[in-house]
Amino acid sequence: MPYLLFVVGFFMIIKGSDWFVDATIWIAKVLRIPNIIIGATLVSLCTTLPEAMVSTSSALKGNPDIAFGNAIGSIACNTGLILAITIILTRPTLGDKKRIFGQGFFVLSLLGFITVTGMITGYISSLIGNLLLVLLGVYILYNVASSYKMKKKTPQREERVDVNGKLILQNAFLFIIGLVLTIWGANLLVENGEIIAKLLGIPDVIVGLTLTAFGTSLPELVTAITAVVKKAQDISIGNVLGANILNILLVIGVASSILPIPMQPDWISFHLPFVSLIVGLVVVYALMNQKRFNRWNGIVILSTYAVYLFFTISSTF
């Protein structure tokens, strides 16, 4: 039964967050919030909603291991699996290399900050969590400012949105039901993840690093597959790096502000360095290549992620 409820929780989060995001964007457009701000803030924050809900629920239930594992595991999954497969199948163009390097360096700096903090204090305190949330606000403002500069170079006309009674009721329904499903699904995921961990005799953090992380990254995986089917060769690497930034600033920030996260020795000596290596490979290959990633780049990143999963899972038995 726990396994079934765990899967049900996955699907509730995925569908609920999808409805919630669609309704939120429609409401923002009706309120005449510029598309440039919607793209730079709302979409990015909403696509991180599954991870944020799961980690918040974990922290509220007094289980910071799943909260932290979900955030770090999502970074590894987004980069080592989803982005790697995308590189292998589509060889995406690099676009703005300076921005890619900046985002990648910021992710690595945040991971390093979390690692050093854990080494010195032994936990991520509520103070550090609040600091991460402040940095989140600065990061969002920076994105909005950058987007406005980009809009001046390539101006786009704001689209008109139809508004009628039926659409208002429909989107209000999707907003409420989507939010309820996401919160409910997150609770099911956390509660049954803890039960599964006990049944299998493995630490909660392993569930967060693997099953929960993969489940909350499914929306990004679906997006990547859709892009491959549509032969979208110019997928922005910055989208994945941006999601990784939010996983640290938003997900870990919210969870640790609710409940301090004790840092286990293997998180500092193994998990954080290995995840940093996976992200670092993307940054290095982005700097090495001229216009596109090479397929072997994706193979190396995917192989590194596979090795990470192997050692993560084998260490529990």
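The residues of the chain are indexed from 1 along the displayed sequence. Predicted, not measured: the structure shown is a model, and the values here were computed from it.
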Inset, instruction - Looking only at non-hydrogen atoms, find the nearest pair between A84 and I301 and report the distance. - result: CB-CG2, 3.9 Å

Inset, instruction - Indicate, with yes or no, if F310 and Y308 share a hydrophobic cluster defined by side-chain heavy-atom contacts under 4.5 Å among Ile, Leu, Val, Met, Phe, Trp and Tyr. - result: yes

Legend entry - 4.5 Å side-chain heavy-atom contact, N78 and N247: yes

Inset, instruction - Could you grab the distance from atom CG of N192 to atom CG of L4, nearest 0.5 Å is fine? - result: 9.0 Å

Legend entry - Least distance between heavy atoms, S74 atom then N244 atom: O-OD1, 4.5 Å

Inset, instruction - Applying side chain to side chain donor-acceptor pair (under 3.5 Å), name anything that partners N171, two or more places apart in sequence or on another chain. - result: none

Legend entry - Side chain proximity check, T304 to F274, heavy atoms < 4.5 angstrom: yes

Inset, instruction - Kindly determine whether W267 and I261 satisfy side chain to side chain contact (heavy atoms under 4.5 Å, CB included), including the steps that lead there. - result: CA-CA 11 Å; W267 295 5; I261 303 175; 3.7 Å; yes

Inset, instruction - Indicate the atoms forming the closest heavy-atom contact of R295 with I88, along with that distance. - result: NE-O, 2.8 Å

Inset, instruction - State, with a plain yes or no, whether a side-chain heavy atom of W26 is found less than 4.5 Å away from one of I168. - result: yes

Throw together a table of side-chain donor-acceptor distances under 3.5 angstrom for residues 125-134, partners on residues two or more places apart or in other chains.
from: S125; atom 1: OG; to: L127; atom 2: N; distance (Å): 3.4
from: S125; atom 1: OG; to: I128; atom 2: N; distance (Å): 3.2
from: S126; atom 1: OG; to: S256; atom 2: O; distance (Å): 3.3
from: N130; atom 1: ND2; to: S126; atom 2: O; distance (Å): 3.2

Legend entry - Nearest-0.5 Å distance that lies between atom CG in L188 and atom CE in M12: 5.5 Å

Legend entry - Residues in side chain to side chain contact (heavy atoms under 4.5 Å, CB included) contact with P273, at least two apart in sequence or another chain: none

Legend entry - Heavy-atom side-chain proximity of I124 to P260 below 4.5 angstrom: no

Inset, instruction - Mark yes or no for whether R91, through its side chain, and R292, through its backbone, hold a donor-acceptor pair below 3.5 Å. - result: no

Legend entry - Side-chain heavy atoms of V283 within contact of Q103, under 4.5 Å: no

Inset, instruction - Could you walk me through whether F68 and V251 pass the side chain to side chain contact (heavy atoms under 4.5 Å, CB included) test, one step at a time? - result: CA-CA 8 Å; F68 185 81; V251 180; over 6 Å; no

Legend entry - With F311 via side chain to side chain contact (heavy atoms under 4.5 Å, CB included) - residues at least two apart: F270, V307, S314

Inset, instruction - Look at the side chain of N297 and the backbone N and O of N294, then say whether any donor-acceptor pair between them is shorter than 3.5 Å. - result: yes

Legend entry - Nearest-0.5 Å distance that lies between atom CG in L241 and atom CG in L83: 7.0 Å

Legend entry - side chain to side chain contact (heavy atoms under 4.5 Å, CB included) between Q264 and Y123, intermediate numbers included: CA-CA 8 Å; Q264 307 300 330; Y123 62 96; over 6 Å; no

Inset, instruction - Over all heavy atoms of both residues, which pair between I252 and A71 is shortest? Give the atoms and the distance, please. - result: CG1-CB, 3.5 Å

Inset, instruction - Just jot down the side chain to side chain contact (heavy atoms under 4.5 Å, CB included) partners of I258, sequence neighbours excluded, or say none. - result: T56, A59, L60, V254

Legend entry - Partners meeting ring pair (Phe, Tyr, Trp, His ring centres under 6.0 Å) with Y285 (sequence neighbours left out): W296

Inset, instruction - Check side chain to side chain contact (heavy atoms under 4.5 Å, CB included) between V284 and all other residues, then give those that pass, not counting sequence neighbours. - result: M288

Inset, instruction - Output the distance between atom CH2 (W19) and atom CZ (F175), rounded to the nearest 0.5 Å. - result: 15.0 Å

Legend entry - ILVMFWY clustering at 4.5 Å (side-chain atoms), partners of V7: F11

Legend entry - hydrophobic_cluster_shared for W184 and I177, side chain cutoff 4.5 Å: yes

Inset, instruction - Step by step, work out the side chain to side chain contact (heavy atoms under 4.5 Å, CB included) result for I196 and F6. - result: CA-CA 9 Å; I196 291 171; F6 191 80; 3.8 Å; yes

Inset, instruction - Give the cluster check for I176 versus L169: same hydrophobic cluster or not, with ILVMFWY residues linked at side-chain heavy-atom distances below 4.5 Å. - result: no

Inset, instruction - Enter the distance from L302:CG to L281:CG here, rounded to the nearest 0.5 Å. - result: 11.5 Å

Inset, instruction - For Y3, check ring pair (Phe, Tyr, Trp, His ring centres under 6.0 Å) against everything at least two apart and list the hits. - result: none

If you look only at distance, which donor and acceptor atoms sit under 3.5 Å apart when one is on a side chain in residues 104-120 and the other is two or more places apart or in another chain?
from: S109; atom 1: OG; to: F105; atom 2: O; distance (Å): 2.8
from: T115; atom 1: OG1; to: L111; atom 2: O; distance (Å): 2.8
from: T117; atom 1: OG1; to: F113; atom 2: O; distance (Å): 2.7

Inset, instruction - Find the distance between CZ (F293) and CD1 (I87) and round it off to the nearest 0.5 Å. - result: 4.5 Å

